[in-house]
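Notes follow the structure.
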Amino acid sequence: MFKYFEPNKIFSITSRAPKYVLLLFIIILSIGLTEALILSPEDYKQSHSVRIMYVHVPAAWICLGTFSVITFLSLVGYTFKIRNFFLISKSLAPSGFVFSVIALVTGSIWGKPTWGTWWAWDARITSMLILALFYIIYLIAWRIYDNDDKAFKVTSIITILGIINVPIIKYSVDWWNTLHQPASINILSKSSIHISMLYPLLIMTAAFALFSLLIFLMKYNTELIKIKNKGLDRL
Amino acid sequence: MYGRKVKLRFIFLLLALIILSLSTFLIIKSLEENVVYFQSPTKIKTLPEIEKKKIRIGGMVKKESILVKEEEVKFIVTDYKNEINVIYSGVIPNLFAEGKGVVAEGFLKDRNLFLATKILAKHDENYMPPEIKKALEEK
């Protein structure tokens, strides 16, 4: 069914969506920032530097989630030759990359006052850097091979390579001794983060997800316009 | 149900994923020593020989073990099984405290003494406001 979808119909929806998403993003971000920077308490040990976490953790989550979605869409798209899935993957990548850089930079800023160093070559931090590099390679691949079958093949392989790194990032803190602390939020067991700090974290995650969606829609619209300009009525 | 080509592409991707995962696993396995950021006191005790190169050890700072003497700090790193004495002089990170995690970079003098050139405080996964911490301690 996706093979024969009409870019014009999709475009009429996606071209109108960004302004609403932007509005929602601004609202949620304002609430999130107020919660994170003003209303939430300081930490008993690290005092105010805990506030960096409200940017760091959501950014890391979003960039990992985005890469997983990109991989899933690429592999399904490659197997069943669904071109639209590749357009979606391609449009998702820039915001994922931005968030991976944000996670690395905020982590570094947090590390200096807490650990006493800007950077450590521990498993978590290094694997996160590798993910950022995979985003770069992925984006470059799209630049080199412009929207043809070769691009689909190459980017699918890149996502396969990159997705192996995702569980390594997640479990690096459990498998090996790392400077980075283990996860505080567990779905199955009790979280070791106080509820008053969990709320701003989740709101900020929602805000970042909306930002990702916004960038995605803008990028996706550009792709659709490109296809329309080529005079194709379907993908 | 699906065409032969679809099946072929699926098998190709699956094989690629398996082979690449396996290679990654083997590479990481062989580099295990470098993937680990620091070694525990227990690991140090079982070292066959003391190497002269720079290493990192980590664990908890033993309670009531920090001794500040002029320019020097002495403390004990423990993993609750084995302990190692650390001597250090230099900048101490803010979060360095008794009963908290620490990573020390430096050289082993012998199996019981470590001369640190750099100290990093390890943060744990607990986040809570000061009042809650107080309430927990009173319990």
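What's counted below: heavy atoms across the whole structure, side chains too, no hydrogens, waters or symmetry copies. Below, chains carry the letters A, B, ... as their sequence lines are ordered, and counting in each starts from 1.
Of all residues spanning residues 42-51 of chain A, those with a heavy atom less than 4.5 Å away from chain B's heavy atoms are E42(A), D43(A), Y44(A), K45(A), Q46(A), V50(A), arranged by number. Identified by a heavy-atom distance below 4.5 Å to chain A, the contributing residues of residues 10-26 of chain B are F10(B), F12(B), L13(B), A16(B), L17(B), L20(B), S21(B), T24(B), in residue-number order. Inspection of non-hydrogen atoms places V103(B), K118(B) of residues 102-118 of chain B under 4.5 Å from chain A.
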Next item on the list: Evaluate the side-chain contact (heavy atoms from CB on, under 4.5 Å) criterion for residues I168(A) and I28(B): first the C-alpha distance (whole Å), next the side-chain angles of each, then the deciding distance (0.1 Å), finally the verdict.
Entry: CA-CA 10 Å; I168(A) 295 179; I28(B) 291 177; 3.4 Å; yes
Note to self: Quick one, H123(B) with T114(A), criterion side-chain contact (heavy atoms from CB on, under 4.5 Å). Give me CA distance, side-chain angles, the key distance, then yes/no.
What the structure shows: CA-CA 7 Å; H123(B) 192 270; T114(A) 325; 4.0 Å; yes
Note to self: Evaluate H180(A) against Y37(B) for side-chain contact (heavy atoms from CB on, under 4.5 Å), listing each step before the verdict.
What the structure shows: CA-CA 10 Å; H180(A) 196 287; Y37(B) 191 67; over 6 Å; no
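Between chain A and the options K122(B), E32(B), Q39(B), heavy-atom pairs under 4.5 Å are most frequent for K122(B). Interface remark: of the candidates I193(A), L179(A), V173(A), L179(A) forms the most heavy-atom pairs closer than 4.5 Å to chain B. When the candidates S127(A), S156(A), A120(A) are compared by the number of heavy-atom contacts under 4.5 Å with chain B, A120(A) comes out ahead.
At a 4.5 Å heavy-atom cutoff, I195(A) makes no contact with chain B through either its backbone or its side chain. Both the backbone and the side chain of T117(A) come within less than 4.5 Å of a heavy atom in chain B. Of the atoms belonging to I157(A), it is side-chain heavy atoms, and not backbone ones, that fall under 4.5 Å from chain B. Only the backbone of A183(A) comes within contact range of chain B, with at least one heavy atom under 4.5 Å from a heavy atom of that chain.
Other residues, nucleotides and ligands place no more than 12 heavy atoms under 6.0 Å from the NZ atom of K150(A). Counting heavy atoms of neighbouring residues, nucleotides and ligands inside a 6.0 Å radius, atom NZ of K153(A) does not exceed 12 of them.
Scanning both residues, P182(A) and E125(B), for their nearest heavy atoms gives O-CB, 3.3 Å.
Atom OG of S192(A) and atom CG of D124(B) lie 7.5 Å apart (nearest 0.5 Å). Taken to the nearest 0.5 Å, the CE atom of M53(A) stands 5.5 Å off from the OH atom of Y127(B). Note that NZ of K5(B) and OG1 of T79(A) are 14.0 Å apart. Values are rounded to the nearest 0.5 Å.
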Side-chain polar contacts of residues 63-78 of chain A - donor-acceptor pairs under 3.5 angstrom, sequence neighbours left out - could you list them?
{"unit_1": "T66(A)", "atom_1": "OG1", "unit_2": "I62(A)", "atom_2": "O", "d": "2.6"}
{"unit_1": "S68(A)", "atom_1": "OG", "unit_2": "L64(A)", "atom_2": "O", "d": "2.9"}
{"unit_1": "T71(A)", "atom_1": "OG1", "unit_2": "F67(A)", "atom_2": "O", "d": "2.8"}
{"unit_1": "S74(A)", "atom_1": "OG", "unit_2": "I70(A)", "atom_2": "O", "d": "2.8"}

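Side chain of N177(A) to backbone of F38(B): a donor-acceptor contact under 3.5 angstrom is found.
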